[in-house]
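Comments concern the structure below.
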Amino acid sequence: TEQERNNPHRGGYFFLALGLQRVTNVTRDRTRSPERYIGSSRYREDRSPVPQALTRAGMDGLLVDYRQAVARADAAGFDLVELHMAHGYLLSEFLSPLTNVRDDAYGGSLENRMRFPLEVLAAVREAVPSEIPVTVRVSATDWVDDGWDLDQTLAFVRAVEARGCDGIDVSSGGLSPRQKIVLGPG
């Protein structure tokens, strides 16, 4: 048909997965600058430098960056945007009680730990046309005692759905080297 011939995707779809790991400042000699290692909070479990907690100004800057990224994706013709909030990426660090040890409005309770990831979802949802689906990838569990678990995941899924999320991509693990993934038939 005429519509099929004019479709730049030619029967396929393009989607953009947006995810940030801890933000680092790499120097000219390709070494990492520890004073610019930014995470959800000052938590470290491995040999990486202890990150600086992301400030409110830093969060505001990331919200601008997310809006600009999805505006570029829309202009480029992407069909879907997925926010990566799993596997130890920055937004996952905010969600998990293992890595989020903040003592402000973005740490502590589940409601507080969900606050910045929900702000990112709202910023992205506002920045793309309503016909472009926005999905969220989330870890169902950290596979570590006292970490992110299924009950918290279900509460978060209800919160993102209430804020216009069009789909959930569920994975698990990836946050902690202490994870103990139970294997079995699925």
All side chain to side chain donor-acceptor pair (under 3.5 Å) counterparts of Asp74, not counting sequence neighbours:
none
Mind listing the side-chain donor-acceptor pairs of residues 156-166 below 3.5 Å, one per line with the distance, residues two or more places apart or on another chain?
{"unit_1": "Arg163", "atom_1": "NH1", "unit_2": "Ala159", "atom_2": "O", "d": "3.0"}
{"unit_1": "Asp166", "atom_1": "OD2", "unit_2": "Arg125", "atom_2": "NH1", "d": "2.7"}
{"unit_1": "Asp166", "atom_1": "OD2", "unit_2": "Val134", "atom_2": "N", "d": "2.8"}

Does Leu95 reach the side chain of Met85, with side-chain heavy atoms less than 4.5 Å apart?
yes
Quick one: are Val124 and Arg67 in side-chain contact, heavy atoms under 4.5 Å?
no
Taking ILVMFWY side chains as joined if any heavy atoms are under 4.5 angstrom apart, and letting links pass through other members, which residues group with Leu154?
Leu150
Heavy-atom distance under 4.5 Å between the side chains of Val120 and Leu83, does that happen here?
yes
With under 30° as parallel and over 60° as perpendicular, where do the rings of Phe94 and Phe116 fit, or are they tilted in between?
tilted
Any Thr135 side-chain heavy atom under 4.5 Å of Asp169 side chain:
no
Of the non-hydrogen atoms in Ser92 and Thr99, which two are nearest, and what is the gap between them?
O-OG1, 4.3 Å
When you compare the side chain of Asp104 with that of Arg56, does any pair of heavy atoms fall below 4.5 Å?
no
Main chain of Thr141, side chain of Ser139: is a donor-acceptor contact present, judged purely on distance under 3.5 Å?
no
Taking all atoms of both residues into account, what is the closest heavy-atom pair of Asn100 and Gly107, and its distance?
OD1-CA, 3.4 Å
With sequence neighbours excluded, residues passing side chain to side chain donor-acceptor pair (under 3.5 Å) with Thr153
Trp148
Please evaluate residues Asp65 and Gln68 with respect to the criterion side-chain contact (heavy atoms from CB on, under 4.5 Å), reporting the C-alpha separation (whole Å), side-chain torsions for both, the decisive distance (0.1 Å), and the verdict.
CA-CA 5 Å; Asp65 292 343; Gln68 290 174 347; 4.1 Å; yes
Quick check for you: to the nearest 0.5 Å, what is the distance between Glu82 atom CD and Arg137 atom CZ?
6.0 Å
Under 3.5 Å, is there a donor-acceptor pair between the side chain of Arg115 and the main chain of Ala105?
yes
Are any of the side-chain heavy atoms of Leu90 and Leu54 separated by less than 4.5 Å?
yes
Decide yes or no for Arg113 and Gln152: does some side-chain heavy atom of the first lie under 4.5 Å from some side-chain heavy atom of the second?
yes
Taking the side chain as every heavy atom from C-beta outward, state whether Tyr66 and Glu119 have any pair of such atoms under 4.5 Å apart.
no
Which atom names give the shortest non-hydrogen contact between Leu121 and Val136, and what distance separates them?
CD1-CG2, 4.4 Å
Determine which pairs satisfy ring pair (Phe, Tyr, Trp, His ring centres under 6.0 Å) with at least one residue from residues 117-142, sequence neighbours left out, and list them in order.
none
State whether the side chain of Asp142 and the backbone N or O of Val144 hold a donor-acceptor pair below 3.5 Å, judged by distance alone.
no
Backbone N or O of Gly58 within a donor-acceptor pair of the Thr55 side chain at under 3.5 Å?
yes
Residues in side chain to side chain contact (heavy atoms under 4.5 Å, CB included) contact with Ser109, at least two apart in sequence or another chain
Glu111, Asn112
